[in-house]
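Since the structure comes first, as structure tokens, the remarks are kept for the end.
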Protein chains: 2
Amino acid sequence: MPVNVWHTEGMPVLELLPVRDLQSCCAPITREPVSTENAERLAAALKALADPARLRLISMVAAHEDGEACVCDLTEPLGLSQPTVSHHLKVLVGAGYLTRTKRGTWHYYRLVPGALDSAASLLASV
Amino acid sequence: MPVNVWHTEGMPVLELLPVRDLQSCCAPITREPVSTENAERLAAALKALADPARLRLISMVAAHEDGEACVCDLTEPLGLSQPTVSHHLKVLVGAGYLTRTKRGTWHYYRLVPGALDSAASLLASV
DNA sequence: TCGATGCATCGACGTTTGTCGATCCATTCA
DNA sequence: TGAATGGATCGACAAACGTCGATGCATCGA
């Protein structure tokens, strides 16, 4: 549920707020502009997604068997080097979209349920 | 409705697809990963939003009287120079989130209805 | 006609980002 | 124990990005 964005070093700076229902049902023509802090948090959350390779990674992990995948599953279909794939996965984990679990030799990445939808909701409520 | 992203020079490359309803009602555990082209388009659309200044600009334009604002309305509350504000507005217009209209000496910016929600829907359907 | 104002564009700059090869560590297996 | 494999991290580098001051072009009002 919480989509985080690393700030200094793996430090989460964003906990996605619940969707503001009043927004959707009775938003006036003129509303309050978003605060600087919320803009920075949402921008960081979006920046983590604003890359073709990372969007494909998210999609590939979700589409993979059992909803999880290791780096070796992703490198070849993505067409990028292993260090680059690891880098992108780290960004996605840091932002709270993926989790990482180690089993034996492999690190399995898995989509955080609802993380993408939370970001989408936040975006729509700007 | 269409959220565009300039490709070479003001050339729109993205027309937001309609929300794929089958996705929300009966998505299987394992789906098809997004195509490279769609990932690039969505990434471009998100990149235009993944900046605190631009998110605040969108919000400020929407919150402004009559739903429109000129550059001079935005520069001071945003705390950035006029060229920088113009630059960000250009990016947002290019991506299809804002429109620009000239009346007399002023250029008025206005939110494209539904553009933000379209992007959010696309994001949620990754 | 001339000064003032709004704003786009240009050029420059420092920072951030995406990418890779090289390296190193952990785990497995012969 | 030693080779092989998965994968994180490092260092380097080019490209993209955000920002600003300077400039130029409209438009308006005196």
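To find a chain, count down the sequence lines: A is the first, B the second, and so on, and within it residues start at 1.
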By side-chain hydrogen bond (donor to acceptor under 3.5 Å, both in side chains) - contacts of A:Gln82 (at least two apart): A:Ser86

Axial bend angle, the helix from C:dT1-D:dA30 to C:dA30-D:dT1: five-pair end segments, nearest 10°: 10°

side-chain contact (heavy atoms from CB on, under 4.5 Å) against A:Leu111, all qualifying residues, sequence neighbours excluded: A:Ile58, A:Ala62, A:Leu98

Those residues that, when tested against B:Thr36, pass side-chain contact (heavy atoms from CB on, under 4.5 Å) (two or more places apart): A:Arg56, B:Glu40

Residues in contact with DNA chain C, drawn from residues 68-82 of chain A - heavy-atom cutoff 4.0 Å: A:Leu80, A:Ser81

Distance in Å, B:Ser118 OG paired with B:Leu123 CG, rounded so as to fall on 0.5 Å steps: 12.5 Å

Pairwise salt bridge (Lys or Arg N to Asp or Glu O under 4.0 Å) hits with a residue in residues 93-115 of chain A, at least two apart: A:Glu68-A:Arg103, A:Glu68-A:Arg110

side-chain contact (heavy atoms from CB on, under 4.5 Å) partners for B:Ser81, two or more places apart: B:Pro83, B:Thr84

Touch class at under 4.0 angstrom, heavy-atom based, for A:Tyr109 against every strand present: sugar-phosphate

Rounded distance (Å) that lies between atom P of D:dG7 and atom NE2 of A:His88: 16 Å

Nucleotide interval of DNA chain C bounded by contacts with chain A (heavy-atom cut-off, under 4.0 Å): C:dT17 to C:dT28

What pairs of donor and acceptor atoms, side-chain ones from residues 45-55 of chain A against any protein atom, are under 3.5 angstrom apart with sequence neighbours left out?
unit_1: A:Asp51; atom_1: OD1; unit_2: A:Ala53; atom_2: N; d: 2.8
unit_1: A:Asp51; atom_1: OD1; unit_2: A:Arg54; atom_2: N; d: 3.2
unit_1: A:Arg54; atom_1: NE; unit_2: A:Ala48; atom_2: O; d: 2.6
unit_1: A:Arg54; atom_1: NH1; unit_2: A:His88; atom_2: ND1; d: 3.1
unit_1: A:Arg54; atom_1: NH2; unit_2: A:Lys47; atom_2: O; d: 3.2

Touch class at under 4.0 angstrom, heavy-atom based, for B:Arg103 against every strand present: nothing

